[in-house]
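By convention in this document, chain letters (A, B, ...) are assigned in the order of the sequence lines, proteins followed by strands, and residues within each chain are numbered from 1. Small disclaimer: the values here were computed from a predicted structure and weren't measured. Every heavy atom of this structure was used, including side-chain atoms; hydrogens, water molecules and symmetry mates were not.
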Protein chains: 2
Amino acid sequence: MASTRLDPIDRKILAELQADGRMTNVELAKRVGISAPPCLRRVRTLEEAGYIKGYHAEVDARELGFEVQVFASVGLASQAEADLTAFEDRCRAWPLVRECHMLNGEVDFILKCAAPDLSSFQRFLTGELLTTPNVASVKTSLVIRGAKDEPGVPFDVLEERLASTA
Amino acid sequence: MASTRLDPIDRKILAELQADGRMTNVELAKRVGISAPPCLRRVRTLEEAGYIKGYHAEVDARELGFEVQVFASVGLASQAEADLTAFEDRCRAWPLVRECHMLNGEVDFILKCAAPDLSSFQRFLTGELLTTPNVASVKTSLVIRGAKDEPGVPFDVLEERLASTA
DNA sequence: AAGCCATACGCAATAATATTTCGCTCAAGC
DNA sequence: GCTTGAGCGAAATATTATTGCGTATGGCTT
């Protein structure tokens, strides 16, 4: 489990697989400039070390009938650790809630939700979220349109940073 | 490009590939209950029809040195369409900005940003975002901890919905 | 500085998988 | 009741993944 620092080839592998997770290993090897076997070994190592947490197909939510995306700012009455984790557990159990982040500042949590239509979301909001114990305030914002939605991290920023630190 | 309604097998394929985008086609075929060739044909069709927009490795941002995640609420001075798209174009050009959504309500946009550290983000905030023309207000919220971060859509919700509509 | 060890590479061989081809079946439409 | 088209599965082929092994390279000890 050596926290082996990644070399440039490893970072390239991660960047390529983040951009196209279904690339064949031979294509990946070609792009990063080594032969297929060591490339595959590196990928396996990156997976086992946790640098790669999984692979996912990116599906078109709207085409599938999820017309509505909502950000919800949630404030809790009590911020005791037990109450925070209780709320987080609730969020993990709600399928409509895709993301839940604890924030500093005024609100305690921000939730990103996906729902088939507005009434589905309203039903969730009034029937589930607002009736949850310890939830003091909820402010929802409907997504009018999405301008950018890139998964993962910007590897070019990482490379710039490493170049300057070197 | 018939907007062919998806049958249960197609939906299962999408659900499986969303959960594990690197599953082999034979494994996928086994899970959805058909043989490999038609399964692959379906996957290709789903890709070409745009139901699958891509495949991505999920990388561990923190392990890679992106310690900081920030939500930024942005208000613009002018909401004329040209000004909105101008701002969206800016967001698309900033690598630190991973998501940009236009919202209803008080704020105009919410941005999800990833940065190696706080000073990187501050540099972006003061040097880029705040100096952008037409940006009237920015309120940033640091993510203290992430409780849930599921990519994609909840297919179980979709199935429930189809069951009730049927 | 020479030798040793660990690490990672590439090549070649094998196993598994992807992909194409082909013929069959079923169901809708005429 | 025939025709047509869409979708399936089996078999064959092409591509890819995976394993085993010999070799080079860099760091560390002696």
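The distance from atom CG of B:Asn25 to atom C1' of D:dG9 is 14 Å, rounded to the nearest whole Å.
Residues in residues 18-27 of chain B take part in these side-chain hydrogen bond (donor to acceptor under 3.5 Å, both in side chains) pairs, two or more places apart or across chains: B:Glu27-B:Arg31.
At a threshold of 4.0 angstrom between heavy atoms, the contacts of B:Arg42 are confined to the sugar-phosphate backbone, with no base atom among them.
Protein chain B touches strand DNA chain C; the 5'-most and 3'-most nucleotides with an atom under 4.0 angstrom of its non-hydrogen atoms are C:dT17 to C:dT20.
A close approach under 4.0 Å does not occur between any side-chain nitrogen or oxygen of A:Arg41 and OP1 or OP2 of D:dA17. A sub-4.0 Å separation between OP1 or OP2 of D:dT18 and a side-chain N or O of A:Arg44 is present.
Here A:Asp117 pairs with B:Arg161 in a salt bridge; the nearest charged N to carboxylate O distance falls below 4.0 Å. Between A:Arg11 and A:Glu159, at least one side-chain nitrogen of the basic residue sits less than 4.0 Å from a carboxylate oxygen of the acidic one, meeting the salt-bridge criterion. Between A:Arg145 and B:Glu81 there is a salt bridge, since a side-chain N of the basic residue sits under 4.0 Å from a carboxylate O of the acidic one. Between A:Glu47 and A:Arg42 there is no salt bridge, since none of the side-chain N atoms of the basic residue sits less than 4.0 Å from a carboxylate O of the acidic one.
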**Message:** For B:His56 and B:Glu58: C-alpha separation, side-chain torsions, deciding distance, then whether side chain to side chain donor-acceptor pair (under 3.5 Å) applies.
**Reply:** CA-CA 6 Å; B:His56 306 282; B:Glu58 179 191 0; over 6 Å; no
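Within a heavy-atom distance below 4.0 Å of DNA chain D, the residues of residues 27-40 of chain B found are B:Ile34, B:Ser35, B:Pro37, B:Pro38.
Between the side chain of A:Lys148 and the backbone N or O of B:Glu88, no donor-acceptor pair lies under 3.5 Å.
Aromatic pair B:Tyr55/A:Tyr55: ring centres not closer than 6.0 Å.
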